[in-house]
Amino acid sequence: METKTQETSLTLTRIIHAPKEELYRAWTQPEVLKQWCAPSDEFENTIVEVDLRVGGAYRIGMHHRPTGKVHMARGRYREIRPNEKLVFTWAWEDPSQDGPGETLVTIEFLDRGGKTELRLTHELFPDRAARDNHEQGWTGCVTRLTNLFL
């Protein structure tokens, strides 16, 4: 996996052994998101809500089993191009505990002959620390997503 970072953004790129239609479904269908969208196996997604339309909202509740804490992410879809691209805002419902306020995530699905290059860009972080925390989380999420298709 390739990782590029700038002061207030990060980009993760990975080739996944699945057609882009299946990866797009993994990002947009609650029953599939629930299986992978957390930074490690110590988390269980107890809430996954998706209103897949421009302006529609999503919520993902990641329950950390060892501590019992639920990290609740939320946002709104800004751009939806089926099987090609998703752009959505990202924020934690309790920013005092978890994060930097609202940021922006872009997911691109690029066909690579039956495989897919997944490109995740997360930007508008206020500082390196917030970026680095999210880089660690997204790396875990993308690894778990990749493992769904092994």
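Throughout, residue positions are numbered sequentially from 1 according to the sequence presented. Values below: every heavy atom of this structure, side chains too, minus hydrogens, waters and symmetry copies.
I80 places a side-chain heavy atom less than 4.5 Å from the side chain of L86. By the 4.5 Å heavy-atom criterion applied to side chains, D51 and R53 are counted as neighbours. Within the 4.5 Å cutoff, the side chain of L104 has heavy atoms near those of the R78 side chain.
W36 places a side-chain N or O within donor-acceptor distance of the main-chain N or O of A26, the cut-off being under 3.5 Å. No donor-acceptor pair closer than 3.5 Å links the side chain of Q136 to the backbone N or O of D132. Put simply, the side chain of N45 gets close to the backbone of C37: a donor and an acceptor are under 3.5 Å apart. A donor-acceptor contact shorter than 3.5 Å links the side chain of T103 to the backbone of W90. Using a distance-only test at 3.5 Å, with no hydrogens or angles considered, a donor-acceptor pair links the side chain of R65 to the main chain of D41.
Grouping the Ile, Leu, Val, Met, Phe, Trp and Tyr side chains by contacts below 4.5 angstrom, directly or via other members, places L148 with V50. F149 and L33 fall within the same hydrophobic cluster, where Ile, Leu, Val, Met, Phe, Trp and Tyr residues are linked whenever their side-chain heavy atoms come under 4.5 Å apart, directly or through other members.
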Check: residues 113-121 side-chain donor-acceptor pairs under 3.5 Å, at least two apart:
residue : atom : partner : partner atom : Å
T116    : OG1  : A18     : O            : 2.6
T116    : OG1  : K20     : N            : 2.8
E117    : OE1  : R112    : NE           : 3.0
E117    : OE1  : R112    : NH2          : 2.9
E117    : OE2  : R119    : NH2          : 2.7
T121    : OG1  : T11     : OG1          : 3.4

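The minimum heavy-atom distance between W92 and R74, with the atom names listed, is O-NH2, 4.3 Å. When all heavy atoms of F43 and A38 are compared, the closest pair comes out as CB-CB, 3.5 Å. Between E42 and P66 the shortest heavy-atom distance is O-CD, 3.6 Å. Annotation for Q35 and R144: closest pair O-NH2, 3.7 Å, computed over non-hydrogen atoms.
We find the CZ-CD distance between R59 and E49 to be 5.0 Å, quoted to the nearest 0.5 Å. Considering CG of N83 and CD of E22, their distance stands at 10.5 Å, rounded to 0.5 Å. Between the OG1 atom of T28 and the CD1 atom of I107 there is a distance of 11.5 Å, given to the nearest 0.5 Å. Separating the CG atom in D111 from the CD atom in E84 is a distance of 8.5 Å, to the nearest 0.5 Å. From M62, atom CE reaches atom CE of M72 across 9.0 Å, with rounding to the nearest 0.5 Å. Taking OG1 of T8 as the start and CZ of R131 as the end, the distance is 8.5 Å to the nearest 0.5 Å.
Note on R25 versus E31: salt bridge recorded, some NZ/NE/NH1/NH2 to OD/OE distance being below 4.0 Å.
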Begin with the C-alpha distance, continue with both residues' side-chain angles, and end with the deciding distance and a verdict on salt bridge (Lys or Arg N to Asp or Glu O under 4.0 Å) for E135 and R128. CA-CA 10 Å; E135 182 177 359; R128 286 183 188 177; over 6 Å; no
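For the side chain to side chain contact (heavy atoms under 4.5 Å, CB included) test, residues two or more places apart in sequence or in another chain that qualify with N147 are T143, L150. Under the salt bridge (Lys or Arg N to Asp or Glu O under 4.0 Å) criterion, K85 pairs with E79, sequence neighbours left out.
A perpendicular orientation is assigned to the rings of H122 and W138, their planes being inclined by more than 60° (bins at 30° and 60°). Classification of the Y24-F109 ring pair by plane angle, with boundaries at 30° and 60°, yields perpendicular. Relative ring orientation between F88 and W27 is described as tilted, the plane-to-plane angle lying within the 30° to 60° band.
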